[in-house]
Structures are given as C-alpha cells and as structure tokens.
Amino acid sequence: MVESRLLCFYDIRLEFSEAIFGAEKEFELSHLETCEVCAGNGAKMGSKMRICSTCGGRGQVMRTEQTPFGLFSQVSVCPNCGGDGEVISEYCRKCSGKGCIRVKKNIKVKVPPGVGAGSILRVVGEGDAGPRGLICWHPPNFMSCNCSNCLPCSEVNNSGPLGDLYVYLDVEEITGIQRDGINLTSTISISYVDAILGTVVKVKTVEGTSELQIPPGTQPGDVLVLAKKGAPKLNKPSIRGDHLFTIKVTIPKRISTKERELLEELVTMSDKNITRSRTRPKTQPATARVQEREVETVSETTEESTDQNDPWQKLKDFAGSVANGALKWLKDNL
C-alpha cells in the first residue's frame, strides 16, 4: 500500500476468471481517520486556544532582507500556527495534536465483470483523513464533491477532508487462453485424419470444458469460433466477446507399414479419380433422352393406330377368324 497525502493506493491480484465474471474482494487497509477524542481539532478536551506568539495572531510572518536593489520583504504562512493565529495550549493525548490517527480497517471492493490488468477502481471516502486545518483539495468550482467529511470548498475543516482509495488491479494469466480485448484466443492441435474427416474435440474455456466442432477439410491456420464465450465488455456485461481457436494440424514423423499402404492406396485412388474426371465423355442431357423416348412411343402408337384403321387388315383378320372357326368345327364332328 502506498500513501500520497489524502489519497491511498492498494494493489489487488485477481484470478483470470474473477476478471472475466467479476468478484467481491476484501482486504485490510491501514489509513488515517479523524481522532474520535478531539473530533479532529488536536486539542485536549476542556483546553483553550491561545494566541500564537510567533505571528501575534495574524497567521502570517514577514521576513525582510537587504539586497543590492534595496529592502526585499516576503510574507509567508506562520510556521508555528499554520496560519490559524492560534495554537493549542494542551494537545490531545491520543493523536498528539495531529487531529487524526492511523487505524486498520477491512475494505470490501466490488470488481465489475470485464476488468483487465491495469484497471483502477476508485472507492470514495476511504482514503486518509487530512491533517488539522487542511483546506479541501477540490477546486472552488468543483460541482460534485464526494468527500464525506468535506466542508464547502475553500472552508477549513478541523481534521481535513477524507481522501479516496484507488485500487490497482492485476490479473493472473492462465495457460492455453490469451485475452485480446473482449475476445479470447487459443491454439489447439488436431491430427491430419481429423482435419480431413472432421471431428468433435473438447476445448478449455473460461466456463469450463466445451465441445468444438471440427468440420471436414479443415486447413492449418483456420480459425473456429465459439460465440459468446469471451469476456464481457466493461460496464456493459450484456455485450460479450467470442473465443477464437486457431487450428494446428499435426503431421506424424513416423508411420507404420499398414498406414503407409493405406495412404499410398488413397493417393492412387485420388489420381484415378482425377484422370477419370478429365477423360469422361460428354453425356447428352436427360431432357433430350426423355424427348427421344417420347418420340419413339408416339411413333409406335401411331403405327398401331394406322394398322387398326386399314380395311384390308380388317378383312384379313375376319378371314383368319372364319378359317380358324371352320377348322375347329371339322375336328369336332369328323
């Protein structure tokens, strides 16, 4: 913890998941608070103030020096009374006249989702109490003074205004997941067989283990996306990034004899398919074949209908039927 006048600074280290989803952290802080015994004025209860003997109650002292150009006078704040013109006749025993004491206090800080390394949280009124007689450090035209014990600006407070606490956040890194804004990135390795045929692999995300679909024909360097698995946007948790996975295809350095034979057979089949596709003759469209079949069917039907309408054909059929009937009658009666 580092102190700087009224402001306090504290460092907190967050886990990776706490920075993504938010958390509530509690820590012990040592800072200055207003003395409860003297209410911050630094005087013992019942004691009276007396006029400063250094400045005579004016609160300022003048120093005059002789220079080659003449007398030079400089007015400054009285170092004894600090410009008050009065001094404490008997100091408070608890704070020794400072008006504030150092105490330890437990502070709870709510970390919002989506913070990153280097983010700063401001806790109003949890800094140090100013020393006795300190003027509010806000400018006179400051419209929204958040100091809980601060009088109107430019007015003197017995114990001084309360400062603010600034919490600096640091985030632990985890293996396998990197953060890029609201998006998360990872690299996964798959075999060349899985890259060709496709598969489903289990991957590590901030929410645990998830399944990632590897489509057939995945190339090395392809990026696959798990939507809404990244970090939320700071102060807008409804907006969330993606988790991007870069594919790395692993090629084995040694393979078995059986694997080599299968790969060579696959290469031969691929070459045959390429040659066959290049030398394949052009086929007639299916519509043309259908039209030809329809023409042949129509022509046959036309010939049959023509034969049926021919009178000589009718006569031949009649004569044939008579001859057959006569032949049958002779066989039955002789």
Side-chain angles (χ1 to χ4, degrees), residues 14-21 113-114 116-117 170-233 237-300:
L14 301 175
E15 296 181 0
F16 194 84
S17 60
E18 292 177 337
I20 299 296
F21 301 109
D170 189 18
V171 181
E172 295 180 357
E173 297 182 356
I174 60 175
T175 57
I177 301 179
Q178 294 77 38
R179 185 171 176 180
D180 184 12
I182 61 175
N183 292 328
L184 303 178
T185 59
S186 299
T187 301
I188 59 174
S189 299
I190 60 175
S191 65
Y192 68 98
V193 177
D194 291 337
I196 296 172
L197 301 179
T199 185
V200 177
V201 297
K202 292 185 178 182
V203 293
K204 179 181 179 182
T205 66
V206 292
E207 296 181 353
T209 303
S210 299
E211 292 185 349
L212 179 65
Q213 182 73 37
I214 307 295
T218 299
Q219 302 297 318
D222 286 354
V223 178
L224 304 180
V225 180
L226 283 180
K228 305 299 182 181
K229 293 291 186 180
K233 190 174 183 180
S238 59
I239 301 176
R240 191 171 176 182
D242 303 327
H243 198 153
L244 311 179
F245 294 89
T246 303
I247 304 301
K248 180 180 178 182
V249 179
T250 303
I251 306 298
K253 295 182 179 180
R254 294 181 180 179
I255 58 176
S256 63
T257 305
K258 183 64 176 179
E259 290 176 335
R260 179 177 293 276
E261 292 176 356
L262 293 175
L263 290 174
E264 291 176 352
E265 183 179 355
L266 179 62
V267 171
T268 304
M269 293 175 60
S270 300
D271 293 340
K272 289 182 179 179
N273 291 333
I274 294 175
T275 305
R276 186 179 302 172
S277 62
R278 291 178 179 177
T279 59
R280 182 179 298 172
K282 294 183 178 180
T283 59
Q284 294 181 354
T287 56
R289 293 197 297 269
V290 172
Q291 291 177 358
E292 290 178 0
R293 292 177 181 177
E294 291 178 355
V295 171
E296 292 176 359
T297 305
V298 171
S299 61
E300 292 176 358

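- Residues Q213 and P215 come closest through the heavy atom pair O-CD, 3.4 Å.
- Panel note: side chain T268, backbone E264; a donor-acceptor pair is recorded below 3.5 Å.
- Side-chain contact between T246 and T185 is absent, with no heavy atoms from C-beta onward closer than 4.5 Å.
- Contact between E211 and L226 at its shortest, heavy atoms only, is O-CD2, 4.0 Å.
- Distance alone, capped at 3.5 Å, is enough to place a donor-acceptor pair between the D242 side chain and the K228 backbone.
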Give the intermediate values and the outcome of side chain to side chain contact (heavy atoms under 4.5 Å, CB included) for residues L263 and V267.
CA-CA 6 Å; L263 290 174; V267 171; 5.5 Å; no
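- Atom CD1 of I190 is separated from atom OG1 of T218 by 5.5 Å, given to the nearest 0.5 angstrom.
- With salt bridges taken as basic N to acidic carboxylate O contacts below 4.0 Å, one links R240 and E207.
- With rounding to the nearest 0.5 Å, the separation of CG in D180 from CG in L244 is 8.0 Å.
- The side chain to side chain donor-acceptor pair (under 3.5 Å) search around D170 returns R13, not counting sequence neighbours.
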Set out, in order, the CA-CA distance, both residues' side-chain angles and the distance that settles side chain to side chain contact (heavy atoms under 4.5 Å, CB included) for I214 and L224, then state yes or no.
CA-CA 8 Å; I214 307 295; L224 304 180; 3.5 Å; yes
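- With hydrogens and angles disregarded, no donor-acceptor distance shorter than 3.5 Å links the side chain of E261 to the backbone of K258.
- Proximity of a side-chain donor or acceptor of T199 to a complementary backbone N or O of D194 within less than 3.5 Å is not detected.
- Note: E265 CD to M269 CE = 6.5 Å, rounded to the nearest 0.5 Å.
- Of all the heavy atoms in R179 and G114, the pair that sits closest is NH2-O, 2.9 Å.
- Using a 4.5 Å cut-off on side-chain heavy atoms (C-beta onward), I177 and S186 make contact.
- Y192 contributes atom OH, which lies 11.5 Å from atom OG1 of T250 (distance to the nearest 0.5 angstrom).
- Heavy atoms of other residues, nucleotides or ligands lying less than 6.0 angstrom from NZ of K204 number more than 12.
- In this structure, the side chains of I247 and S189 stay at 4.5 Å or more apart for every pair of heavy atoms.
- Atom CD1 of I20 is separated from atom CG of L184 by 5.5 Å, given to the nearest 0.5 angstrom.
- Pairing each heavy atom of V249 with each of P220, the nearest pair is CG2-CG, 3.7 Å.
- Side-chain contact between F245 and V223 is absent, with no heavy-atom pair separated by less than 4.5 Å.
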Audit row: S210, K229, side chain to side chain contact (heavy atoms under 4.5 Å, CB included) steps and yes/no
CA-CA 10 Å; S210 299; K229 293 291 186 180; 4.2 Å; yes
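- When atom types are taken as modelled, the side chain of E173 and the backbone of V171 share no donor-acceptor pair closer than 3.5 angstrom.
- For the atom pair OG1 (T187) and NZ (K248), the distance works out to 8.0 Å, reported to the nearest 0.5 Å.
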